[in-house]
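First up is the structure itself, then whatever we jot down about it.
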There are 2 protein chains.
Amino acid sequence: MSTGFELPLRLLLGFRVLIDELHEELARQGHPGLRPMHGFVFQAIGPDGTTAVELGRRLGVSKQAAGKTIGALERLGYVERGEDPDDARRKVVRLTERGIDCLVRSAHIFDGLRDRWAAVLGEERLAAMEADLRKVTPEELFRPDFPQWFGGH
Amino acid sequence: MSTGFELPLRLLLGFRVLIDELHEELARQGHPGLRPMHGFVFQAIGPDGTTAVELGRRLGVSKQAAGKTIGALERLGYVERGEDPDDARRKVVRLTERGIDCLVRSAHIFDGLRDRWAAVLGEERLAAMEADLRKVTPEELFRPDFPQWFGGH
DNA sequence: CTAAGATGGACAACCAGGTTGTCTAAAATA
DNA sequence: TATTTTAGACAACCTGGTTGTCCATCTTAG
């Protein structure tokens with residue numbers, strides 16, 4: 001019963017399982033209240049920080065929407081705004097210590113989840129799945145405009 | 001470079017590739033303007049039709065929200081409301097001929113996309129991927145509350 | 001070197017899609 | 001038969017997105 005119909009749903013379901021378990025574990029480790037899309041935002045901000053305009057471009061939303069998202073994450077203590085000494089117009093958005101802690105923990109948790117899958121499937125089979133997926137998906141891992149892409153009637 | 005970080009994103013990317021190609025092809029075949037989530041709604045409606053209350057329950061949203069979605073799809077010509085002879089309160093929502101056409105074409109397109117993946121990866125490897133995904137994901141394929149699940153800051 | 005244009009960010013008004021609350025008609029039940 | 005439950009419509013509101021406008025600042029053309 002391998003209809004083409006099952007494949008996309010299994011892929012999505014796999015993603016969902018991993019993300020759900022990530023957030024359960026993050027909540028246990030002191031980061032409750034985060035939503036799946038926050039990970040995308042953190043990644044889009046990057047290690048060197050960014051600006052509202054640039055963040056909006058990366059996320060595929062307007063700079064105003066990006067500004068609101070930044071404001072929300074700032075209130076949660078995950079990002080902070082700083083001045084740019086080279087350009088008085090720009091406000092650089094950076095991850096706070098708490099934001100970085102969240103990223104580090106996420107990486108560890110993802111590694112642990114991958115280990116669990118490897119224990120069930122075998123490391124060889126899991127590596128094969130990853131290799132195969134690489135063959136049929138674009139190089140660049142991050143398509144942070146995903147939330148935008150999916151929503152909307 | 002198999003960090004646990006890559007796996008979920010590859011799964012999501014695979015899903016996205018398939019869905020994007022599905023909608024490109026659907027647009028070519030006379031169904032433009034459909035969004036990824038419409039497929040979920042069609043599936044949630046099912047072959048026998050449903051009601052706004054039941055649809056809301058399946059999609060994980062309020063009956064009012066389901067009603068609005070139904071209204072939008074009705075305007076697009078994909079569903080229609082009919083009376084229930086056994087219960088004058090209920091308005092049964094059913095797929096129109098156009099809605100069914102869309103579902104049939106989607107099934108064919110998904111089959112074709114799976115064939116393309118099989119040509120790249122080999123039928124055996126693809127079947128292995130599907131089998132492995134089944135081992136690490138829930139039985140029930142449909143979690144139509146996905147849009148709801150992902151969104152939200 | 002200055003004047004014109006481009007850019008980053010804030011603010012306001014609006015829109016879409018979700019929410020809850022209230023209401024009516026019809027069905028189920030005590 | 002009287003009461004309670006249910007399906008659906010309508011209204012008010014909330015959130016997170018949109019565009020439009022504005023100002024301050026940087027960049028660039030003359």
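- Closest approach of Leu11(A) and Gly14(B) over heavy atoms only: CD1-C, 3.7 Å.
- Closest to the side chain of Lys91(B), from the set dG17(D), dA9(D), dT19(C), is dA9(D).
- Remark: P of dT19(C) and CG of Leu59(B) are 10 Å apart, rounded to the nearest angstrom.
- Counting to the nearest Å, the P atom of dC23(D) and the CZ atom of Arg90(A) are 23 Å from each other.
- Linking Ile, Leu, Val, Met, Phe, Trp and Tyr residues whenever their side-chain heavy atoms come within less than 4.5 Å leaves Val53(A) and Val92(A) in two separate clusters.
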Task: Sugar-phosphate or base contact per nucleotide [nucleotides 23-30 of chain C; S, B, -; heavy atom under 4.0 Å] - done: ---BS---

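- Between Asp101(B) and Arg98(B) there is no salt bridge, since none of the side-chain N atoms of the basic residue sits less than 4.0 Å from a carboxylate O of the acidic one.
- Distance CD (Glu83(A)) to C1' (dA10(C)): 14 Å, rounded to an integer number of Å.
- For residues 46-66 of chain B, the set of pairs meeting the ring-ring contact (aromatic ring centres under 6.0 Å, His included) definition, not counting sequence neighbours, is empty.
- For the segment residues 46-55 of chain A, no residue has any heavy atom less than 4.0 angstrom from an atom of DNA chain D.
- In terms of modelled atom types and a separation under 3.5 Å, the side chain of Thr137(B) and the main chain of Arg10(A) share no donor-acceptor contact.
- Of the inter-residue distances, the one linking Ile19(A) atom CD1 with Arg35(A) atom CZ reads 11.5 Å to the nearest 0.5 angstrom.
- The listed nucleotides are dT21(D), dG17(D), dG17(C); the one nearest the side chain of Lys68(A) is dG17(D).
- Classification of the Phe42(B)-Tyr78(B) ring pair by plane angle, with boundaries at 30° and 60°, yields tilted.
- Within the structure, a side-chain polar atom (N or O) of Ser62(B) is placed less than 4.0 Å from OP1 or OP2 of dT19(C).
- At a cut-off of 3.5 angstrom, the base of dG20(D) holds at least one donor-acceptor pair with the side chain of Gln64(A).
- Taking hydrophobic clusters as Ile, Leu, Val, Met, Phe, Trp and Tyr residues chained together by side-chain heavy-atom distances below 4.5 Å, Trp117(B) shares a cluster with Leu9(A).
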